[in-house]
Amino acid sequence: MKTAFVLNGPNLNLLGSREPTVYGHQTLADVQALCERACAANGLKLEFRQSNHEGELVDWIHEAGRQQAAGKAAGVILNAGAYTHTSIALHDAVKGAGVTLIELHISNVHAREAFRHHSYLSPVAQAVMAGFGVNGYALAVAGLAQMDAPA
Ligand code: DQA
């Protein structure tokens with residue numbers, strides 16, 4: 001069974017209490033449980049992590065790339081938070097690791113402030129998920145499983 005890496009960036013540890021009108025009331029632990037269910041339903045094993053530190057996210061993307069190259073991982077679902085809009089390092093990490101990436105946002109970033117409209121990740125992502133609330137994580141897990149399925 002292959003692993004789906006679900007990686008969360010800065011401030012996502014605050015889910016549930018952080019701007020609930022934008023991000024909803026579910027906590028990161030709730031999101032992890034939702035991802036567990038989605039992975040079980042799609043034949044994937046879950047590796048779920050959160051960090052407020054850019055370099056740690058870079059290291060985890062490299063790790064996922066190595067596992068994918070070894071046939072052990074399906075890819076990465078990444079909610080990079082604000083690093084989406086700032087991080088060339090994460091862009092380069094995805095490219096360098098050769099990992100399958102689904103970029104994810106809980107909110108519809110394109111309906112928000114202009115500084116959220118640009119993403120350094122979209123050009124290196126296979127797909128982008130935004131605006132479905134936390135249920136987007138389950139949809140992204142199903143999408144990653146389908147991308148990995150033999151044609
Ligand atoms: C976010 C959107 C980003 O613009 C923001 O900085 C986040 C969360 C989302 O899930 O909607 O931290 O990625």
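Counting starts at 1 for both ligands and their atoms, in listed order. Treat the numbers as computed from the prediction; the structure is a model and nothing was measured. Counting from 1, the numbers follow the sequence of the chain as shown. Excluded from the calculations below are hydrogen atoms, water molecules and symmetry mates; all remaining heavy atoms, backbone and side chain alike, are included.
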inquiry  = Closer than 3.5 angstrom, by distance alone: can the side chain of H85 be matched with the main-chain N or O of H118 as a donor-acceptor pair?
reply    = yes

inquiry  = Under 3.5 Å, is there a donor on one side chain and an acceptor on the other for Y23 and N11?
reply    = no

inquiry  = Suppose we measure from atom 9 (C) of ligand 1 to each protein heavy atom; which comes out shortest, and what is that distance?
reply    = I106 N, 3.3 Å

query = How close does the nearest protein non-hydrogen atom get to atom 11 (O) of ligand 1, and which residue and atom is it?
reply = S107 OG, 2.6 Å

Expected output: side-chain E47 to main-chain A4 donor-acceptor under 3.5 Å = no

Backbone of G133 reached by a side-chain donor or acceptor of H105 within 3.5 Å = no

query = Considering only the protein, which heavy-atom contact is closest to atom 12 (O) of ligand 1, and what is its distance?
reply = R18 NH2, 2.9 Å

remark   = The answer for which part of E103 has a heavy atom under 4.0 Å from ligand 1 is neither

request  = Verify the distance criterion only: is there a donor paired with an acceptor across the side chains of T84 and E103 at less than 3.5 Å?
outcome  = no

note = closest protein heavy atom to atom 1 (C) of ligand 1 is H105 ND1, 3.7 Å

query = With distance as the sole test, does H91 use its side chain to make a donor-acceptor pair with the main-chain N or O of Y120 at under 3.5 Å?
reply = yes

query = Does N79 reach ligand 1 with a nitrogen or oxygen that is under 3.5 Å from one of the ligand's nitrogen or oxygen atoms?
reply = yes

inquiry  = Would L12 count as a polar contact of ligand 1, with the cut-off being nitrogen or oxygen pairs under 3.5 Å?
reply    = no

query = With a cut-off of 4.0 Å, which atoms of ligand 1 are near a heavy atom of V109?
reply = 2 (C), 4 (O)

Atom 8 (C) of ligand 1 [closest protein heavy-atom partner, distance rounded to 0.1 Å] = Y23 OH, 3.4 Å

ask   = Is the closest side-chain heavy-atom distance between R18 and L12 below 4.5 Å?
value = yes

ask   = How does R116 reach ligand 1, if at all, at less than 4.0 Å between non-hydrogen atoms: by side chain, backbone, both, or neither?
value = side chain

ask   = In ligand 1, which numbered atoms sit nearer than 4.0 Å to a non-hydrogen atom of H85?
value = 3 (C), 4 (O)

key: Any donor-acceptor N or O pair under 3.5 Å, side chains E54, N52   = no

